[in-house]
Amino acid sequence: MPPGIMAGFDSFGLFAAMQERYDPSLIERAAQQNWEQTRAFKAREDSAKPKYYCLSMFPYPSGKLHMGHVRNYTIGDVLARFHLMQGYSVLQPMGWDAFGLPAENAAMANNVAPAKWTYANIDHMRGQLKALGLAIDWEREIATCQPGYYKWEQWLFTRLFEKGLVYRKNATVNWDPVDETVLANEQVIDGRGWRSGALVEKREIPMYFFRITQYAEELLNELDQLPGWPEQVKTMQRNWIGKSYGVRFAFRLAGEPDNLLWVYTTRADTIMGVSFVAVAAEHPLAARAAANNPALAAFVEECKRGGVAEADLAALEKKGMDTGLKVVHPLSGEEVPVWVGNYVLMGYGEGAVMAVPAHDERDFHFAKAYGLPIRQVIAAAGEEFSLDAWQEWYGDKTRGACVNSGKYDGLAYEAAVDAIAADLKALNLGDKQVQFRLRDWGISRQRYWGCPIPIIHCESCGDVPVPEQDLPVVLPEDVTITGRGSPLAKMPAFYECACPKCGKPARRETDTMDTFVESSWYYARYACPDADQMLDERANHWLPVDQYVGGIEHAILHLLYSRFFHKLMRDEGLFGAEHVVQGRATASAQSSSVKGEGANAGPKSLPTPTLPTSGEGANAGPKSINEPFTNLLTQGMVVAPTFYRDGADGKKQWLNPADVDVTTDERGRPVGATLKADGQPVVIGGTEKMSKSKNNGVDPQLLIDSYGADTARLFMMFAAPPDLQLEWSDAGVEGAHRFLKRLWKAVYDHVQAGGGAAAPSGELPAPLKDFRRQLHQTIAKVTDDYGRRKQFNTAVAAVMELMNALAKLPEDANTPALRQEALETVTLLLAPIVPHVCEALWSGLRPGTRLLDQAWPRADAAALTVDEIELVVQINGKLRGSIRVAAGADKAAIEAAALATEAAQKQLNGAAPKKIVVVPGRLVNIVA
RNA sequence: GCCGGGAUGGCGGAAUCGGUAGACGCAGCGGAUUCAAAAUCCGCCGCUGGAAACAGUGUGGGGGUUCGAGUCCCCCUCCCGGCACCA
C-alpha cells in the first residue's frame, strides 16, 4: 500500500477517499461517468427553477477540435455551471454546423463522400468534447445535415416564398472559366481560381434572396433593446445596416428627356457642384455607350475581370472612362458627362452616383486624375478652399453653407437639403429618401453539400415551392465531387420531377442554401430537437437564449442573420404571443452592495449576490420575443508563436512550436530558437492565430492526454480575459497544472490531518480574522467576476491569492475549522472552471455528498467588516506615504492625520495647503 | 479603401465609476532539500541612480483637460477582426 489511501468509489460513483497523488485521468473518468449515469445535465422544461439557456456557437465538424473550440466551450461551460450552482434550470446544448465547403474539398482531396467524412468527424469531435467534461445535455444534439433538421428550413423557405419574403433575381458571382464553377470569395486568390489558376470573371446568375431589407428598420432599432450585447458589436451592426437620410433624384439624358438616370445622395446640399455622374460597369448606360465605342467596351470588360469581394474592389485603384453620354442637371440645366467608374457598385443603391469632387474625397482624387472640373459649393468660416490637396472640412456637412449655388447660397446642410429636395420633387424628378446600406441576403449556392432549395421550376407554372407533404427534399449522399460544375445539376434522378401544380415534367432547383441559413435558427431547434414541426411549445420555455458565446468574427453576418430569422419565425407564429410566456429568469436579485449593510464596511468590500442570480441586470425583466440572444459574449482568438526556416525554394518552411526550443538570456528574454530535431537555429516569427498554414497549432488532445481536461480549462480561463486574444504558452499550462497539484495537496493534507469543523466558532485572533475577511471578499469577488463581469482570469487570480494566504495561516485552535471553510469554499468557487478535480476534492472534504448538489457560497457580511483602513497620502498627486485611520473616520480627522505625516510636513514646509482632496476609502491628496 | 477593436515589465495579464500602476501566473535570479538531478518549498524580480534609506522615471508616439490620467478629449503609428460565397 503506497502512502495515502487508495481511491475507492462510493454510492455516488465518486471518490470515497482521496489518494495522495493528483491523477487527472482517474478523476475525470469517474466524474464524467457519474454525470452521464445520473443524467446530471439533462435540461427539463418542468422545473420550478428559473431557466437559463446558455449557448456556445456550434462547431463546424472539420475533423478535430482546435484550441478556439476549447476556449469557446469552456467559457460557456463556466457560465452554465455557475448558473446551475446558483439554482437555475440550465439548458446547454451542442450540435454541428455540418454543411459547408470543406466537406467538398475533403471529398476531392481524399475521395471520400462529404456525408461520410462529416459524420466521421462528428463522431470523433463528440468524443473530444465529452473529454472536456462540459455540462451539456447531449440528448439534444443536432446536425444540420440531417434531413430531420433541414426539412424545417425548407418548410420555412416555402412559407416565406408564399409571403414574398423570398424572391429571385440576378446577382454577380466569381466565375472560374476553366473549372466552369462558381467560386467562394476565399477561393479567389489574387484574382485567380485556387485550383485552376484561371483568371476569375464576374458573372450574373439568378439567385434566391431573403428580403432582410424589409426588417432593416427593426433590426436597427432593436439593437437598443440589447443591453447585454457588447457596444462594439451593436455599433458594427448599426453601421452595417447603414440607415441614411438622403435624396433620390434623376438626371434626364441629354436629348432623351424621357430617359432617366437615377442616383441617390446623402449630400444633396452639394448638388450644384456636380461635375459628372459615375455609373457601374454593369449599368445599362455603360453597356449602351460601349456598344459603339470599342475602347469603352474594353474598359467595361476590364472592370468585369476579377472577383466580387468588396474588400478587393475597394482596394483597387480608382479608374474610369468617359462614356460620351451627357445628362442634364435637374436644377441648373447644365449638361454633365457620364463616366464609368470601377468603384461604383451595381449592387448598391442605383448603381450610379453623382460626383461632387469639391466635397467628396473619392470624387476629388478621381477628378484630379482625369482632369474633371472641381467646383466649390460649400464654404466654411475661416477656411480657404484650394484645389491643391483634399482637406477634411471639404466633406464636413456640419460646417459651412452653400456658395456658388444660386438660390441656395447661404443655406446650411439641413436647410439646403430641404430646399433642394422640395425643388426636385416639384419637378417630379426626385424626393427625400431613407436608404439602407444593408442588401437583401442572396442564399443560392451552386454547391452540393448544403440544404436543397425546395423549388420546382415549371415551364407553365413558374417557380413552384415543394408542397409540405413532399418535404424534405433530401440531398442524395452518393455523389462524386469533381470540382467542376454543380454536382446536383448533373444528376437527372435528383432534378427530374413533376410540377406539383400541373403535373407536367419540371426541373427541381439544384442550388443549395448558404450554410448561414442553418446556423440562423439552430439555437431555437435545441429547445425541441425531436419536434415534428419546426418548433413546438418548448421553444417558448427556453427562448430567448440567455447567454450566447462565440467568436467576434461573427459580429455581423451570423448574428444579424440569426436576429433576422428570429423575427421571421416570430412572424410565422412559431413562438410568442399566443403562447403563455413563463418560466422567465425573473430572479430580480441584482447584486446588492455590502457597503450599505455596515457603517464601517471596508474600502474594498464588493457586492454580495443573493440566490439565485445570474449577476447581470440584462437577464431580468420581461421576456422579449423579438431578439434571440439576450446576452452576448464575444471571445478572442487563440494565438501562438511562429517559427520558420527559409526553404531552398525560397518559401518559408513553418515549424511547429512543439518542435522548437527557445533560448533566453539571463533575464529571460528570448534570444534565439533551435529545432529540437537537429539543434540548428530557426527564425522566430510573429505571434499569430493558430492555423495549419503557419503550422503553429497546438492539438488540444495532446494537452488533455498529458495534463487532463481541468488543466486545459484552467489555463484557458486564466491566461486572458475571454474577449481578448489568448496567447498559447506551454509554460502557462505547466503553471495551471502546478496550481491544481498544490490545491490537491492542500486538501489531501487537511483531510489526512483529520479535517475540521464546518466553520470556525467564537472570536478569532487577528490573523485568522483577516484571513476570513479575505475568504469572504473572495467569494464576493469571484461571484461578481463570473456573474456580472464574465472575467474569469481575475476570479482564478483571487482564488490563487487566497490559497497563498491559506498556506501562511498560523496554527490555532480554530485553524482547522477555518481551513475547512476555506477549502470547501475554494472547491465550490473553482468548480465551474475545473469541475472534475473539484468534484473529487469535495468528496474528500464532505464524504458522501456530491459537489454538483451544493449551492453557490455566499459572502458573510459580518466577516467583511473592518475596524481600521489604510489611506494613501499624496502630495500634488504623488505618492508620499500612508496613514491608518478608523474605518468610520470623518473628513476632518483624515485631513488632520494626513497633514501630520512626516512627508506632508516636509513638503509643505510650514505653508498652508492650497487644497486637500479626500477620496473615501482610498487616498488623501494634499495640493501644496 | 470602409466599419469595429487592441497596444501596460523579459512574457500573458491586473488596476471594475478619473484615485497606491504592475495583482495573479509564467520566465529569470538567489537559497533550502538531494550523492546528483527532477519535483517541491522559501526569497528577490519595471527601468535608471544609490550600499541602503530613498530619489527620478515609466502604461505604443505627440498634444490637451484635471488636485490627480493606463482610464477622458484631439492627432499619429503599428497590430488584429469584419467587408455580404470560409465558418
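Note on naming: letters A, B, ... go to the chains in the order of the sequence lines (proteins, then strands), and numbering restarts at 1 for each one.
Contact annotation: A:Lys878 reaches the phosphate of B:U57 (side-chain N/O to OP1 or OP2, under 4.0 Å). For B:G25, neither phosphate oxygen OP1 nor OP2 lies less than 4.0 angstrom from any side-chain nitrogen or oxygen of A:Asn793. Contact annotation: A:Arg445 side-chain N/O to B:A84 OP1/OP2 distance is not under 4.0 Å. Between A:Gln187 and B:A87, a side-chain N or O to OP1/OP2 separation shorter than 4.0 Å is absent. Applying the 4.0 Å criterion to OP1 and OP2 of B:A14, one finds that A:Thr794 has every side-chain N and O outside that range. Look at A:Arg789 and you'll find a side-chain N or O under 4.0 angstrom from OP1 or OP2 of B:A15. Considering only side-chain N and O atoms, A:Arg738 lies under 4.0 angstrom from the phosphate OP1 or OP2 of B:A27.
The pair A:Arg439-A:Glu310 meets the salt-bridge criterion, since a charged nitrogen lies less than 4.0 angstrom from a carboxylate oxygen. Between A:Lys891 and A:Glu895 there is a salt bridge, since a side-chain N of the basic residue sits under 4.0 Å from a carboxylate O of the acidic one.
Here A:Pro59 lies out of heavy-atom contact (under 4.0 Å) with every strand. Contacts of A:Ala719 with the nucleic acid, taken as non-hydrogen atoms under 4.0 Å apart, involve only primed sugar atoms and P, OP1 or OP2. Nucleic acid contact for A:Glu734: none, since no nucleic acid atom lies under 4.0 Å from a heavy atom of the residue. A:Leu438 comes within contact range of at least one nucleobase, with a heavy-atom separation under 4.0 Å. Among the atoms of the strands shown, none is found under 4.0 Å from any heavy atom of A:Asp723. Residue-level contact check: A:Val873 touches neither bases nor backbone, having no heavy atom under 4.0 Å from any strand.
Between A:Glu186 atom CD and B:G82 atom C1' there is a gap of 15 Å when expressed in whole angstrom units. Here the P atom of nucleotide B:A14 and the CE atom of A:Met800 are 14 Å apart, to the nearest Å. Going from atom CZ of A:Phe99 over to atom P of B:C86 covers 17 Å, rounded to whole Å. Between the CG atom of A:Asp312 and the P atom of B:C83 there is a distance of 11 Å, given to the nearest Å. Atom pair A:Tyr707:OH and B:A39:C1' shows a separation of 13 Å (rounding to whole Å applied). Residue A:Asn72 contributes atom CG, which lies 17 Å from atom P of B:A87 at whole-angstrom precision. Rounded to an integer number of Å, the gap from A:Trp728 CH2 to B:G13 P is 15 Å. Distance NE2 (A:His737) to P (B:C26): 13 Å, rounded to an integer number of Å.
Nucleotide B:U59: unpaired (no Watson-Crick or G-U wobble partner with both distances less than 3.5 Å). Pairing for B:A15 is absent, judged as Watson-Crick or G-U wobble with the two contacts each under 3.5 Å. Judged by Watson-Crick or G-U wobble contacts below 3.5 Å, the nucleotide B:G50 has no partner. For B:U77, the paired nucleotide is B:A7, the pair qualifying as Watson-Crick or G-U wobble because both relevant distances are below 3.5 Å. Under the Watson-Crick or G-U wobble criterion, with both distances below 3.5 Å, B:G1 is paired with B:C83. Pairing for B:G70 is absent, judged as Watson-Crick or G-U wobble with the two contacts each under 3.5 Å. Applying the Watson-Crick and G-U wobble criteria (two distances, each under 3.5 Å), B:C44 pairs with B:G28. Using Watson-Crick or G-U wobble geometry with both donor-acceptor distances under 3.5 Å, B:A39 finds no partner in any strand shown.
The only member of A:Tyr561, A:Trp441, A:Phe99 that meets side chain to side chain contact (heavy atoms under 4.5 Å, CB included) when paired with A:Val517 is A:Trp441.
Side-chain contact check for A:Glu734 and A:Tyr707: at least one donor-acceptor pair (N or O, by modelled atom type) lies under 3.5 Å. Checking A:Thr794 against A:Asp785 by side-chain atom types alone, a donor-acceptor pair falls below 3.5 Å. A side-chain N or O of A:Glu870 and one of A:Ser882 form a donor-acceptor pair less than 3.5 Å apart.
Annotation: cation-pi pair A:Lys319/A:Tyr343 absent, no NZ/CZ under 6.0 Å from the ring centroid and within 45° of its normal.
Rounded to the nearest 0.5 angstrom, A:Asn121 CG and A:Ser62 OG are separated by 7.0 Å. From A:Trp521, atom CH2 reaches atom OG of A:Ser562 across 12.0 Å, with rounding to the nearest 0.5 Å. Interatomic distance, A:Arg71 CZ to A:Gln635 CD, rounded to the nearest 0.5 Å: 6.0 Å.
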Taking N or O atoms only and anything under 3.5 Å, show me the protein contacts with nucleotides 3-7 of chain B, one pair per line.
residue	atom	partner	partner atom	Å
B:C3	O3'	A:Asn239	ND2	2.7
B:C3	O2'	A:Asn239	ND2	3.0

Below 3.5 Å is the cut-off: list the nitrogen or oxygen pairs between protein and nucleotides 67-73 of chain B, distance only.
residue	atom	partner	partner atom	Å
B:C67	O2'	A:Asn925	ND2	3.4
B:C67	O2	A:Asn925	ND2	2.5

Short heteroatom pairs, N/O only, protein and nucleotides 74-79 of chain B, under 3.5 Å:
none

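Base orientation of B:G64: anti, the glycosidic angle falling outside 90° of 0. Base orientation at B:C24 is anti, since its O4'-C1' glycosidic dihedral falls outside 90° of 0.
Residues A:Phe565 and A:Phe210 bring their aromatic ring centres within 6.0 Å. Aromatic pair A:Phe58/A:Tyr522: centroids less than 6.0 angstrom apart. For A:His737 and A:Phe715, the distance between ring centers is not under 6.0 angstrom.
Ring orientation note: the planes of A:Trp117 and A:Tyr60 are tilted relative to one another, at an angle of 30° to 60°. Ring pair A:His554/A:His558 is perpendicular by interplanar angle, where above 60° counts as perpendicular and below 30° as parallel.
Closest approach to the A:Arg742 side chain among B:C83, B:G81, B:C41 is made by B:C41 (side chain taken as heavy atoms from C-beta onward). The side chain of A:Phe718 lies closest to B:G25, out of B:G25, B:G13, B:C83. Relative to the side chain of A:Ala314, the nucleotides B:U20, B:G1, B:G12 differ in distance, and B:G1 lies closest. Distances were taken from every side-chain heavy atom of A:Ala731 (C-beta onward) to each of B:C26, B:C24, B:A84; the shortest belongs to B:C26. Listed candidates were B:A14, B:U16, B:C24. Nearest to the side chain of A:Glu801 is B:C24. Comparing B:A87, B:A84, B:G1 against the side chain of A:Phe516 picks out B:A87 as the nearest.
B:A23 and B:A38: their P atoms are spaced 27 Å apart (whole Å). Taking atom C1' on both nucleotides, B:G50 is separated from B:U57 by 15 Å, rounded to a whole Å. Between B:G10 and B:G19, the distance separating the two C1' atoms is 30 Å to the nearest Å.
A donor-acceptor distance shorter than 3.5 angstrom exists from the side chain of A:Lys234 to the backbone of A:Leu226, with no hydrogens or angles considered.
In terms of position on RNA chain B, the residue among A:Glu361 and A:Thr515 whose nearest nucleotide sits closer to the 5' end is A:Glu361.
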